[in-house]
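The structure appears right after this line, and notes come after that.
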Number of protein chains: 2
Amino acid sequence: MSTIRGARERARIEVTAAIKDEARKQLAAEGAAKLSLRAVARELGMVSSALYRYFPSRDDLLTALIVDAYDAVGEVAEAAGAKGDGRPDAGRWTAVACAVREWALAHPHEYALIYGSPVPGYTAPQDTVGPASRVGLVLIGVVRDAHRAEGLAVPALDPGLRPEAARLAADLAPDLPPAVVAALVAAWAQLFGLISFELFGQFNRVVDAREQLFRHAVHEIGRSVGLLEGRAPTGADGPGA
Amino acid sequence: MSTIRGARERARIEVTAAIKDEARKQLAAEGAAKLSLRAVARELGMVSSALYRYFPSRDDLLTALIVDAYDAVGEVAEAAGAKGDGRPDAGRWTAVACAVREWALAHPHEYALIYGSPVPGYTAPQDTVGPASRVGLVLIGVVRDAHRAEGLAVPALDPGLRPEAARLAADLAPDLPPAVVAALVAAWAQLFGLISFELFGQFNRVVDAREQLFRHAVHEIGRSVGLLEGRAPTGADGPGA
DNA sequence: GTCTATAACGAGATAGAC
DNA sequence: GTCTATCTCGTTATAGAC
């Protein structure tokens with residue numbers, strides 16, 4: 001009995017993975033807006049109705065892809081952040097950012113799925129919120145370690161932003177100064193701005209040495225959060241290089 | 001003769017505008033990937049083949065929409081930059097950024113078209129390059145004025161980034177220090193990162209006071225380029241407010 | 001119970017003949 | 001420019017295989 005159930009479950013997992021793999025291929029070829037259950041089924045030699053055993057609707061398949069993508073970047077970021085865990089130097093900040101960038105370059109369509117234009121007619125369910133926050137939590141962790149080691153120069157905060165900063169800190173990191181948390185949220189968006197510009201073609205015919213510009217900018221962004229210099233910003237120890 | 005030609009040209013301009021307006025509606029409803037000449041024609045009570053007299057292909061229509069969108073943000077940015085032209089204070093930098101953000105909030109789908117994920121199967125022709133650079137040129141102009149008025153603290157530059165910075169400066173602003181131009185390019189991407197995160201839903205359930213966070217972050221980004229304080233970052237003089 | 005296959009629906013796009 | 005025949009799509013109901 002248990003072997004049968006085991007076999008069934010294994011088969012189910014395999015088919016589910018095959019469906020998502022094929023869906024990812026279509027994502028790359030046609031974009032998320034044109035992701036079609038029928039085309040996925042056809043390519044897999046199944047019939048479209050069979051897919052409904054695995055995903056109750058097209059949007060649920062899309063949600064699964066989104067969650068997978070968030071989990072993939074999140075994992076990469078966590079791995080980069082875990083190296084030298086507890087060390088408060090700015091190199092860890094840069095390492096996490098570079099890891100995210102490398103993942104994005106390696107998986108441009110999945111990146112576009114989660115950080116690009118929203119898919120028309122699709123609204124993300126609650127399930128995506130947790131996975132979506134993983135990268136941000138890693139960045140908070142790096143800054144928290146710096147704060148604990150007193151390696152953080154708390155940035156200035158406009159009086160007008162004080163209430164929002166307090167709210168953000170309460171929500172995201174009650175142990176950090178509100179000014180740091182506010183700067184962190186902005187830094188988070190700016191970091192992905194650099195990646196998106198590179199990936200979405202805005203740097204075409206403009207920027208050549210993209211990794212170097214990225215590292216430099218990320219280091220400066222780290223400073224805006226309060227991180228102090230731990231080592232040279234253009235060190236030879238990238239995540240993959 | 002000339003009146004007839006004038007009437008014809010006027011009609012042509014009107015129809016072209018109507019086509020683009022309808023296409024923009026579809027952009028909002030279905031996304032750029034699903035933009036279809038046929039649907040546009042149907043909605044306008046025309047037949048699809050008639051559209052080809054105005055746009056040789058779907059991609060050409062898309063290009064026209066993209067150019068229009070770039071020109072629209074560009075115009076808004078130029079207008080905001082022209083107010084107080086020559087004045088080197090950081091308030092102008094913030095004003096331009098806020099103007100761009102307000103345009104983006106008012107035209108989210110056109111913003112997504114130009115700064116969001118690339119449309120699958122579409123590659124932008126050379127025609128888009130000029131309009132696409134207008135916002136960047138405004139930002140360069142603001143920084144240039146500050147530099148001329150000696151209101152610029154040239155930021156530090158990693159030795160590794162020196163060649164790229166020199167190249168960027170030669171291409172974009174030979175009269176500015178390379179370190180400033182490199183920082184400017186990064187700042188440009190970071191600024192749109194903030195707008196994209198807000199527009200694409202990444203700030204949902206996270207950030208409430210978005211304009212305030214934006215103004216604060218933009219002011220900090222201005223500092224990273226070397227702009228000095230000209231006035232309080234949260235002044236009451238927004239672009240529209 | 002778990003899965004796949006057949007067939008069908010209503011809506012929409014598309015190609016080509018006229 | 002119009003009309004029609006033929007595609008696609010998401011989704012459901014149903015029937016049968018393991």
Side-chain angles (χ1 to χ4, degrees), chain A residues 1-68 109 113 117-125 127-128, chain B residues 8 11-12 14-16 18-62 65 109 113 117 119-122:
Chain A
M1 276 293 186
S2 78
T3 64
I4 290 178
R5 182 154 53 192
R8 265 215 261 269
E9 268 178 29
R10 212 164 44 237
R12 190 180 172 79
I13 289 169
E14 263 173 40
V15 176
T16 306
I19 292 170
K20 291 199 285 190
D21 280 347
E22 180 54 38
R24 268 184 281 264
K25 270 190 214 166
Q26 292 204 12
L27 217 62
E30 303 279 4
K34 285 192 180 168
L35 175 65
S36 127
L37 278 188
R38 282 190 116 106
V40 171
R42 194 182 322 125
E43 217 63 27
L44 283 157
M46 301 171 125
V47 88
S48 68
S49 58
L51 286 200
Y52 284 83
R53 289 274 151 191
Y54 300 88
F55 298 96
S57 78
R58 193 204 83 127
D59 281 9
D60 287 280
L61 173 55
L62 208 52
T63 300
L65 296 178
I66 290 172
V67 168
D68 279 5
H109 304 101
L113 179 65
S117 340
V119 183
Y122 171 85
T123 44
D127 318 31
T128 62
Chain B
R8 275 214 195 115
R12 188 178 174 80
E14 264 173 38
V15 175
T16 305
I19 292 170
K20 291 199 284 190
D21 280 347
E22 179 55 38
R24 269 184 279 266
K25 270 190 213 163
Q26 293 206 10
L27 218 63
E30 303 279 4
K34 284 193 181 166
L35 177 64
S36 117
L37 280 186
R38 276 190 119 94
V40 172
R42 190 184 330 122
E43 218 64 24
L44 284 162
M46 303 171 121
V47 92
S48 63
S49 57
L51 281 200
Y52 284 86
R53 290 185 45 84
Y54 298 87
F55 297 96
S57 76
R58 190 204 82 129
D59 281 11
D60 287 281
L61 174 54
L62 208 51
L65 297 178
H109 302 101
L113 179 65
S117 341
V119 183
Y122 171 85

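The chains referred to below are lettered A, B, ... by the order of the sequence lines, with proteins before strands, and numbering in each begins at 1.
- The closest side-chain heavy-atom distance from B:Phe55 to B:Thr16 is below 4.5 Å.
- If you take CG on B:Leu61 and CZ on B:Arg24, they are separated by 9.0 Å, rounding to the nearest 0.5 Å.
- Phosphate contact (OP1/OP2 of C:dA13, side-chain N/O of B:Ser36, threshold under 4.0 Å): absent.
- At a threshold of 4.0 angstrom between heavy atoms, the contacts of A:Met46 are confined to the sugar-phosphate backbone, with no base atom among them.
- Nucleic acid contact class of B:Ser48 (heavy atoms, under 4.0 Å, all strands): none.
- In terms of heavy atoms, A:Lys20 sits closest to A:Ala64 at CD-CB, 4.1 Å.
- Comparing A:Arg53 and B:Gly45 against DNA chain D, the residue whose closest nucleotide sits nearer the 5' end is B:Gly45.
- B:Ser117 contributes a side-chain N or O that, together with a main-chain N or O of A:Ser117, makes up a donor-acceptor pair within less than 3.5 Å.
- Atom-to-atom, CG of A:Leu61 to P of D:dT11 comes out at 10 Å; the value is rounded to the nearest Å.
- For C:dG12, neither phosphate oxygen OP1 nor OP2 lies less than 4.0 angstrom from any side-chain nitrogen or oxygen of B:Arg38.
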side-chain contact (heavy atoms from CB on, under 4.5 Å) between B:Leu37 and B:Ile19, worked out: CA-CA 9 Å; B:Leu37 280 186; B:Ile19 292 170; 5.8 Å; no
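- One finds the NZ atom of B:Lys34 at 8.5 Å from the NZ atom of A:Lys34 (value rounded to the nearest 0.5 Å).
- Among the atoms of the strands shown, none is found under 4.0 Å from any heavy atom of B:Leu37.
- A close approach under 4.0 Å does occur between a side-chain nitrogen or oxygen of A:Tyr54 and OP1 or OP2 of C:dT4.
- By the 4.5 Å heavy-atom criterion applied to side chains, B:Ser48 and B:Arg38 are counted as neighbours.
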N/O to N/O distances under 3.5 Å, protein versus nucleotides 16-18 of chain D:
none

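- Of all non-hydrogen atoms in A:Ala23 and A:Leu65, the two that sit nearest each other are CB-CD1, 3.8 Å.
- If you measure from atom CG of B:Leu35 to atom P of C:dG12, you get 17 Å, rounded to the nearest angstrom.
- In this structure, A:Ile13 places its CD1 atom 11 Å from P of C:dC3, rounding to the nearest Å.
- Atoms CD (A:Glu9) and C1' (C:dG1) sit 14 Å apart, rounded to a whole Å.
- Minimum heavy-atom separation, B:Arg58 to B:Val119: NH2-CG1, 4.1 Å.
- Counting non-hydrogen atoms under 4.0 angstrom, A:Ala11 reaches nothing in the nucleic acid.
- Heavy-atom nearest nucleotides on DNA chain C were determined for B:Ala39 and for A:Val47, and the one closer to the 5' end corresponds to A:Val47.
- Comparing A:Arg42 and A:Ser49 by the nucleotide of DNA chain D whose heavy atom lies nearest to each, the residue mapping closer to the 5' end is A:Arg42.
- Rounded to whole Å, the distance from CG on A:Leu62 to P on D:dC9 is 16 Å.
- At a non-hydrogen distance threshold of 4.0 Å, nothing from residues 23-31 of chain A comes into contact with DNA chain C.
- The nucleotide whose nearest atom lies closest to any side-chain atom of A:Tyr52 is, among C:dT4, D:dA13, D:dG10, D:dG10.
- Distance A:Leu51 CG to C:dC3 P: 13 Å, rounded to the nearest Å.
- The distance between atom NZ of A:Lys34 and atom P of D:dG10, rounded to the nearest whole Å, is 13 Å.
- A side-chain donor-acceptor contact under 3.5 Å links B:Asp60 and B:Ser57.
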